[in-house]
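Just so we're clear, the structure is a prediction, and the values are computed from it rather than from any experiment.
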Amino acid sequence: MEARSNGLFITFEGLDGSGKSTQMKLAEDYLKSKGLAVVSTLEPGGTPIGEKIRDLLLDRDNFEMCPKAEVFLFLASRAQIVYQVIRPALNQNKIVLCDRFFDSSIAYQGIARGLGPEKILELSLWATEGLVPHLTFLLSVGTPQSEARKKARGEGQDRLEAQEDDFKQQVYKGYLQLARQFKDRFVVIDGEKSVSQVFQLVKEKIDELVG
């Protein structure tokens, strides 16, 4: 199933408000301080084409979007970012950090939308020519805490964030299911710890890989 490249591919997953973006930025700064070549990106988006797809996916005016159309838009963005950004960087022995990858689609569309986790994984591996992260950090924060953090930051809600709490709870359970299924690459961290406590755990795991 897995098609590895020479570099190192690390992804950060979790509900919006879990702290994954903060931890990824800290990881980027830490790796660069060690003199390592790092490329940071995000999903959906990360390329000019992907950003246009991201706008479609997150626009609250697009609430009529059906689940299968949603999946194919994510897959299109993912195929483009792997082709244009991730695979070239890995082939140059760089470390790639990505805010979300196909685990998000499995949790959101495969499990919470009910389209089937196996099917979403199959389609994602087809879209990315088998690319699988070497390491995935899951910032485990439940729905109430993630919503409270977003509210405290005064953030507006995009189309996916505006879904009902029950949907978000299913996403959270889906992530935990994935962590159990793929425990060889998932590292689950209690995202309700302080930023520094979480990063200490992230840093320790990264050090195991890069020294």
Decide yes or no for [X] and [Y]: does some side-chain heavy atom of the first lie under 4.5 Å from some side-chain heavy atom of the second?
X	Y	result
Leu125	Val132	yes
Gln181	Leu178	yes
Lys173	Gln177	no
Ile10	Pro133	no

Heavy atoms only: give me the nearest [X]-[Y] pair and the separation to one decimal.
X	Y	result
Ser21	Asp99	OG-OD2, 2.5 Å
Lys20	Glu13	CD-C, 3.8 Å
Ile53	Ala76	CD1-CB, 3.8 Å
Val210	Leu31	CG2-CD2, 4.1 Å
Thr41	Gly46	OG1-CA, 3.5 Å
Asp190	Val198	O-CG2, 3.6 Å

Query raised in the report: Do the side-chain N and O atoms of Arg54 and Ser77 include a donor-acceptor pair separated by under 3.5 angstrom?
Result: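 No pair is found: no donor N or O on one side chain lies under 3.5 Å from an acceptor on the other.
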Query raised in the report: Around atom NZ of Lys34, are there more than 12 heavy atoms of other residues, nucleotides or ligands at under 6.0 Å?
Result: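 Yes, because the 6.0 Å sphere around NZ of Lys34 holds more than 12 heavy atoms from other groups.
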Report task. Please check if atom OH in Tyr83 has more than 12 non-hydrogen atoms from other residues, nucleotides or ligands closer than 6.0 Å. Result ->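 No, the 6.0 Å shell around OH holds no more than 12 heavy atoms from other groups.
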Query - Test log, rule side chain to side chain contact (heavy atoms under 4.5 Å, CB included), inputs Met65 and Leu73 - result: CA-CA 10 Å; Met65 185 182 296; Leu73 285 171; 3.7 Å; yes
Requested in this report: Dump the intermediate steps for side chain to side chain contact (heavy atoms under 4.5 Å, CB included) on Gln169 and Asp165, then the final yes or no.
Outcome: CA-CA 6 Å; Gln169 185 62 25; Asp165 287 347; over 6 Å; no
Roughly how far apart are [X] [atom1] and [Y] [atom2], rounded to 0.5 Å?
X	Y	atom1	atom2	answer
Lys94	Leu8	NZ	CG	14.0 Å
Asn62	Leu57	CG	CG	8.5 Å
Gln80	Ile86	CD	CD1	11.0 Å
Glu129	Arg87	CD	CZ	6.5 Å
Gln197	Ile189	CD	CD1	11.5 Å
Tyr172	Ile111	OH	CD1	13.5 Å

Going hydrophobic residue to hydrophobic residue with side-chain gaps under 4.5 angstrom, can you get from [X] over to [Y]?
X	Y	value
Tyr108	Leu176	yes
Trp126	Leu121	no
Leu42	Ile81	no

**Report entry** All pairs passing ring pair (Phe, Tyr, Trp, His ring centres under 6.0 Å) where residues 85-106 contributes a residue, at least two apart
**Finding:**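 The answer is Phe9-Phe101.
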Query - Evaluation steps, side chain to side chain contact (heavy atoms under 4.5 Å, CB included), between Leu26 and Tyr30 - result: CA-CA 6 Å; Leu26 291 171; Tyr30 175 66; over 6 Å; no
Query raised in the report: Do the side chain of Gln23 and the main chain of Phe199 share a donor and acceptor less than 3.5 angstrom apart?
Result: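 Present.
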Query raised in the report: Ion pair present between Asp16 and Arg100, side-chain N to carboxylate O less than 4.0 angstrom?
Result: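 Answer for the salt bridge query: yes.
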Query raised in the report: Sequence neighbours excluded, which residues qualify as ring-ring contact (aromatic ring centres under 6.0 Å, His included) partners of Phe74?
Result: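 Result, ring-ring contact (aromatic ring centres under 6.0 Å, His included) vs Phe74: none returned.
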Query - Results of ring-ring contact (aromatic ring centres under 6.0 Å, His included) for Phe137 - residues two or more places apart only - result: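 Here the qualifying residues are Phe12.
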Query - side chain to side chain donor-acceptor pair (under 3.5 Å) evaluation trace for Thr128 with Arg78 - result: CA-CA 7 Å; Thr128 64; Arg78 185 165 303 133; over 6 Å; no
Requested in this report: Show your reasoning for whether side chain to side chain contact (heavy atoms under 4.5 Å, CB included) applies to Leu138 and Asp103.
Outcome: CA-CA 10 Å; Leu138 173 60; Asp103 293 302; over 6 Å; no
